[in-house]
Trainee: 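Questions regarding the structure given below will be posed in turn.
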Amino acid sequence: MEPSEWINVANQTFIAMKNPYESVEKVYPRALEKYSVGSRYMGVKNKVQIPRHLIEQLETFGYILHTLDKASMGGRAIDVSLTNPISGRPMTGSSSGTAINVLLGINDLGIGTDGGGSVLAPAMAVQLFGFICPIIEQEHLENFSSTSTDGIGFHASIGFMSREFEVILHAIQCVLPLEDTKTIASPRIFATGSFDDLDVAENVKVVQTPNLFGEREPLIDFLKENLPQCDFLISKEGPADFLGFGDTVLGHLGNEATRLQQSSGKGLIRVANMVDATALVVPTKDFACGYVLLCESTLPKVKAMLEFAKTIALPQDPLLKKYFQNIENYFPDEFI
């Protein structure tokens, strides 16, 4: 390994140990000893739903366990103990620490769990790619049942976060057999609106939706009706938890709190897992906004969705990289 690469990798651990946003629960400093050219660091949400088997599987593809990441208390949709490094507002939960640690460059890949948006929403809140799929470790996750804060039962999905699309795509390909999956030549695409800033294929159908930021039940019914009729669906959402807070604990406390909850910018990302959909967040140039792509959890549809996402994926904003991943911002020269 070149000295410059070794320094960059060491800096990732230095930032993790500094823990500037209190998003790290445990650092594995010996991860550096396992690092070789082409390796990537991964952080894992500190939840038992993520099995050791998955970590070991990813390790065979060059991912190295680097941190255990803090999660919001009780799986809450906002994390009042952590701050969004970009906006300075309470961080979106519940895979809050995992998302922050990817943004800061501590990890290249984050692994979290998603019940009602707990991977997709934190990813969107800090300009990351986010992906969930109930096929990943499905048998293991069937041992864990949960209920959302608004009373909807579900099994969590495991999901990934990354700054670059190629990283999240590689991680997905490590756990899903997409290379041997048949390609859909002309996918049927549904959209929740017409997107002037998105160059989509001609075979896009705009579908009527319920209030994307209202109650979950109509959104669940909407996805159950429409996902079987298309190869994937696109919804533009956000800014996540910037103008309001999409949190039921807060939102049920009167009309004003409900209004604040519904101005959170979080729509179908809150129900994707509840209908066993596979979903991907693709960040846009606008803060905490993204395209949400959803499909039934069949490999051909997942593959078609990812191939489309590749055409709209943007590189990470250079200013975010310069500010949050620069070691000198965390260890400035001392005044003498």
Side-chain angles (χ1 to χ4, degrees), residues 40 99 102-103 108-110 119-121 123-133 135-136 159-207 209 212 223 226-240 265 267-269 272 277-321:
R40 293 182 172 117
V102 173
L103 170 68
D108 304 294
L109 179 73
V119 166
L120 301 175
M124 181 182 290
V126 290
Q127 308 295 115
L128 302 179
F129 295 92
F131 175 84
I132 63 168
C133 180
I135 301 174
I136 302 172
F160 300 141
M161 306 181 208
S162 71
R163 297 182 303 278
E164 302 293 343
F165 183 73
E166 65 176 15
V167 174
I168 204 166
L169 180 60
H170 180 261
I172 294 166
Q173 292 170 333
C174 291
V175 297
L176 295 179
L178 295 177
E179 289 187 3
D180 300 327
T181 300
K182 182 179 179 181
T183 300
I184 299 174
S186 298
R188 297 164 298 164
I189 306 172
F190 284 3
T192 61
S194 57
F195 308 129
D196 295 334
D197 56 344
L198 182 63
D199 183 18
V200 296
E202 294 180 357
N203 55 339
V204 175
K205 177 182 177 181
V206 177
V207 290
T209 66
L212 287 178
L223 290 179
N226 284 277
L227 288 184
Q229 302 179 49
C230 65
D231 292 309
F232 59 88
L233 181 148
I234 308 174
S235 175
K236 189 174 183 181
E237 301 183 9
L268 296 180
I269 55 177
T278 294
L280 174 72
V281 164
V282 179
T284 69
K285 293 181 179 180
D286 297 324
F287 171 64
C289 293
Y291 292 108
V292 184
L293 282 61
L294 308 98
C295 70
E296 291 185 303
S297 296
T298 66
L299 293 179
K301 288 189 175 185
V302 173
K303 184 175 183 178
M305 186 175 74
L306 291 171
E307 288 177 346
F308 176 82
K310 189 185 302 184
T311 68
I312 63 171
L314 300 173
Q316 187 188 28
D317 184 284
L319 186 58
L320 297 184
K321 181 177 182 179

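Position 1 is the first residue of the sequence, and the numbers go up from there. All values derive from a computational prediction rather than experimental measurement. Keep in mind that the numbers below use all heavy atoms, side chains included, and drop hydrogens, waters and symmetry copies.
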Trainee: Report yes if some heavy atom in the side chain of Thr181 is under 4.5 Å from a heavy atom in the side chain of Val302; otherwise report no.
Mentor: no
Trainee: Do we see a donor-acceptor contact under 3.5 Å between the side chains of Glu237 and Ser235?
Mentor: yes
Trainee: Using a 3.5 Å distance criterion without hydrogens, assess whether the side chain of Lys301 forms a donor-acceptor pair with backbone atoms of Cys230.
Mentor: yes
Trainee: Between Val119 and Met161, is any pair of side-chain heavy atoms under 4.5 Å apart?
Mentor: yes
Trainee: Might you point out which heavy atoms bring Val102 and Leu109 nearest each other, and give the distance in Å?
Mentor: CG2-C, 4.0 Å
Trainee: Going by heavy atoms in the side chains, are Met305 and Asp231 under 4.5 Å from each other?
Mentor: no
Trainee: Given Gln173 and Leu169, is the side-chain contact (heavy atoms from CB on, under 4.5 Å) satisfied, shown in steps?
Mentor: CA-CA 6 Å; Gln173 292 170 333; Leu169 180 60; 3.9 Å; yes
Trainee: Please check: side-chain N/O of Gln127 versus main-chain N/O of Ala288, any donor-acceptor pairing under 3.5 Å?
Mentor: yes
Trainee: Give a yes or no answer on whether the side chain of Ser162 reaches the backbone of Phe129 with a donor-acceptor pair at less than 3.5 Å.
Mentor: no
Trainee: Is any side-chain heavy atom of Met124 less than 4.5 Å from a side-chain heavy atom of Val292?
Mentor: yes
Trainee: What is the ring orientation for Phe232 with Phe308, classed by angle as parallel under 30°, tilted 30 to 60°, or perpendicular over 60°?
Mentor: tilted
Trainee: Show, in sequence, the C-alpha distance, side-chain angles and deciding distance for Val204 and Ile234, and conclude whether the side-chain contact (heavy atoms from CB on, under 4.5 Å) test is met.
Mentor: CA-CA 9 Å; Val204 175; Ile234 308 174; 5.8 Å; no
